[in-house]
Amino acid sequence: MLSDDQVNEIIVEVENVPSGVVPEKTLVNSSFRMVSSASDIHVTDSQSFSNPNDKKSKQLLWFSTSLNESFSQTLHSPGSVGIDTPCTSHENIQGQKLIASLIPMTSRDRIKAIRNQPRTMEEKRNLKKMVDKEKSKQSRRMLELNCCAQCLNSISRAYRRSKNSLSELLDSVSLWQKTLKVIGGKFGTSVLSYFNFLRWLLKFNIFSFIVTFSFIIIPQFMVAEKNTLQFTGLEFFTGVGYFRNTVMYYGFYTNSTIGHRNGGASYNMQLAYLFTIGACLVICFFSLLFSMARYFRNNFINPHIYSRGIAKLIFCWDFTVTHEKAVKLKQKNLSTEIRENLSEIRQENVKLTLNQQLIRFSAHLAAWVVSTGVAVACCVAVYYLAENNSEFLKKHKDPGAVLLLPFIVSCINLAVPRLYSLFKLVEWYEMPRHEVYTLLIRNIFLKISIIGILCYYWLNIVAQAGEECWETLIGQEIYRLHLMDFVFSLADSFLGEFLRRLIGMQFITSLGLQEFDIARNVLELIYAQTLVWIGTFFCPLLPFIQMITLFIMFYVKNISLMMNFQPPSKAWRASQMMTFFIFLLFFPSFTGVLCTLAITIWRLKPSADCGPFRGLPFFIYSIYGWIDTLSKRPSYLWVVWIYQNLIGSVHFFFILTLIVLIITYLYWQITEGRKIMIRLLHEQIINEGKDKMFLIEKLTKLQDMEKRANTSSFTMERRDVEQPGPLPVGERDAARDLRFRRSVQEENSKA
Amino acid sequence: MGNKQTVFTHEQLEAYQDCTFFTRKEIMRLFYRYQDLAPQLVPLDYTSCPDVKVPYELIGSMPELKDNPFRQRIAQVFSEDGDGHMTLDNFLDMFSVMSEMAPRDLKAYYAFKIYDFNNDGYICAWDLEQTVTKLTRGELSAEEVSLVCERVLDEADGDHDGRLSLEDFQNMILRAPDFLSTFHIRI
């Protein structure tokens, strides 16, 4: 609550302004703004930000929003200072504060802060010039720090310039910019998020391929043995035959130390293989982790506040849609959604009878039982088929017979999700996003259990069956699965969606065109990527194959999208969904891959006569052997020390886990504290609003009294009284409007 | 990447690079887009800082803007005199704010100004009615439009003064994480 002195001060400010120096409209604004800006700064200072740079830039933004045109005039003509009205000198002081706060920042932060200023280009340029001038004046005074500071300055400038040119280079090779623009223009941000996800996965695979190519495949090429097998066209699908003796599979790689001809540097293939795959996975891990963290930070600020709100529909119009028909369609869809939203809010207090609730609950239960049952049945079928595969293959000598298992798996992946989508006819959900999440969870369960069953089969049965070169066998299986999945996706796009369009347009025209099912397509991408990650150890060329398939998929999906689909009718929360998908990619998918590979490396016996680890009792023994050889060399003892005390020691991991748990607990408590703070600040905002209303009422009452006093005393002086007229009348109108609004709201809240 | 261009001086280009979210190449590309809008009006040499304004009709005919329901407001907000005629500075500013690198607060500030049709610093009920009408293009009845405006004010008005201030708007945007990706024009 502001004290009475401050209230009187504000009234004094309004009356003392000489007319004609500053336009009256801005005075009205500035008097109101001073009330709000005082509370603004108070609110800002009491908020605590974790990042001090964030705090500075946020404070700058707050300062700038409460500046009005007089300060921008100062920036336009940097020479003029000090217009001597009380309001504008207040803003001028704030402008000086802004410049003063920019000066001590590093140049990188300064540029960031200037860029984030909501000002016109000219103002920003002048601001930058003034700050640079001030800074050079200051730095001339600090001559003793000259050498070091100049050095650092020039290094940071060079770094910034190189970063700029690197980003320019990357932009020029950025894939598919124009295509993405067209897709966004016609279908909006939500469908665009699928294609962005595809492009992001492609980057992963390009990186994996480059790493494996440089460190494993090229050295292997140098000691490659001649391939004596025949090549028939079927090998592209089955992966056996000719490809068995190429760099494609684990079995081809040598276990020797590739030595340079003159006995120079040697290249240990075993270590190279393990470390390369390990490096790929580690970098994928960190990349996924950082992306996930960034998405969580941007999109999960208040997860518990789900606003079924209409405000978001109004203010989050998709500006990326640029195609005329798409815009019209979007406007129509938005109207439908708004109507639905309005009627939903009216219906949200409908209570269901016990009978209806029971029916709904039993429908849900039945659907879950059926979906889980179907998933389990599919897994059992796959396992049974896999187990009997070898006998089946012995009976049927047809080389295409190995494709039966991948074919069945792909059929399951095609048919069962569509079955799950049919369940929505039976089940009824309160909120549409529950429906999306349920569908996603069922599909994820299906896909992960199939991969899980297959991994179990491969690691427990194939690896221990005593077959020659079981790693190559697994590699071939994964290759076939991946390729069959790709073929089915192509067939689905070319035939399935095309047929659906024909049906929708020609035969049953009420159906119309279909909408792009983002969730199902993203899950298919995640499934394929999981297979690739598992398979890279057994088939190092798999990232390359995935690269090509993703590339082709982009164009196929794009063409199919343009031909067979219509823009989405409902708002799809693209950011939250993307966060969820990246979390999915990390949590069951990538961690599952890590578990599988860990089991392989630590528990399984490599095959005796093929591959880089032949003859060892376990894969990990190559590392043990290397540590042993290193411990004999005195200059590498630190590596041995790190291995024995940090990586191989249980105590270290125990202490590390304990520290991580403590830090997590502390951060959790800090988050809880901040939630309380947010709630208190929210209440404070409401109170400040009430203060504002109170002050405005008091202001208008005082001015009414004054006007009554003036008009009643001298009727002849009416001309003079009317001159400051426009000012109070405008305020009174605004205040009356606000008072009316407030009383209406109070009535509404009482009702 | 040598300094082969003759349109800007080195300092001008540096200043543009530091004041927008664009790289040098993108700034040149945007300049040529601007120049294409009015080839007779816009000179190919900006070293002398010519005072050239491309009229709103040409700006509004750009493929990125021509079907946007808010194109007039966008041009008005970013133009110097609020009339929609834009200089090169305004043009670069506009696309810099609408690019994907601009932070949420900056975008929210300008989105607020775009939706504030009467430029009084607050989004009042009349502003909301204008916004909803532009968004739905006459599909909703007048009664539904006023109902929608009332609901929006109920939801978003934090200090209960009957209109949305910048802070109310920014608070509401925090709860809509899609805002960052939808308030984006790709050029």
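All heavy atoms count here, side chains included; hydrogens, waters and symmetry mates do not. Just so it is clear: chains get the letters A, B, ... in the order the sequence lines come, proteins before strands, and each one is counted from 1.
For a residue to count as touching a neighbouring chain, one of its non-hydrogen atoms must lie under 4.5 Å from one of that chain's; by this rule B:Tyr115 touches chain A with the side chain only. Of the atoms belonging to B:Phe78, not a single heavy atom falls under 4.5 Å from chain A. Heavy atoms closer than 4.5 Å to chain A are found in the side chain of B:Met98, but not in its backbone. Contact annotation for B:Ala176: both backbone and side-chain heavy atoms come within less than 4.5 Å of a heavy atom of chain A. Using a 4.5 Å cut-off between heavy atoms, B:Asn171 touches chain A through its side chain atoms alone. Contacts between B:Ile123 and chain A at a heavy-atom distance below 4.5 Å involve the side chain alone, from C-beta outward.
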Which donor-acceptor pairs under 3.5 Å do the side chains of residues 53-63 of chain B make with protein atoms, sequence neighbours left out?
from: B:Lys53; atom 1: NZ; to: B:Asp81; atom 2: OD2; distance (Å): 2.6
from: B:Ser61; atom 1: OG; to: B:Leu58; atom 2: O; distance (Å): 2.7

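No salt bridge links B:Glu155 with A:Lys312; every basic N to acidic carboxylate O contact stays at or beyond 4.0 Å.
A side chain to side chain donor-acceptor pair (under 3.5 Å) check over residues 123-137 of chain B, counting only residues at least two apart or in different chains, returns the pairs A:Gln331-B:Arg137.
Side chains of B:Leu140 and A:Arg339 form a contact here, defined as non-hydrogen atoms less than 4.5 Å apart.
Taking the centre and axis of the six-membered ring of A:Phe319, the NZ or CZ atom of B:Arg186 falls outside the cone set by 45° and 6.0 Å.
When B:Val152, B:Thr20, B:Ile173, B:Asp178 are compared by the number of non-hydrogen pairs under 4.5 Å with chain A, B:Asp178 comes out ahead.
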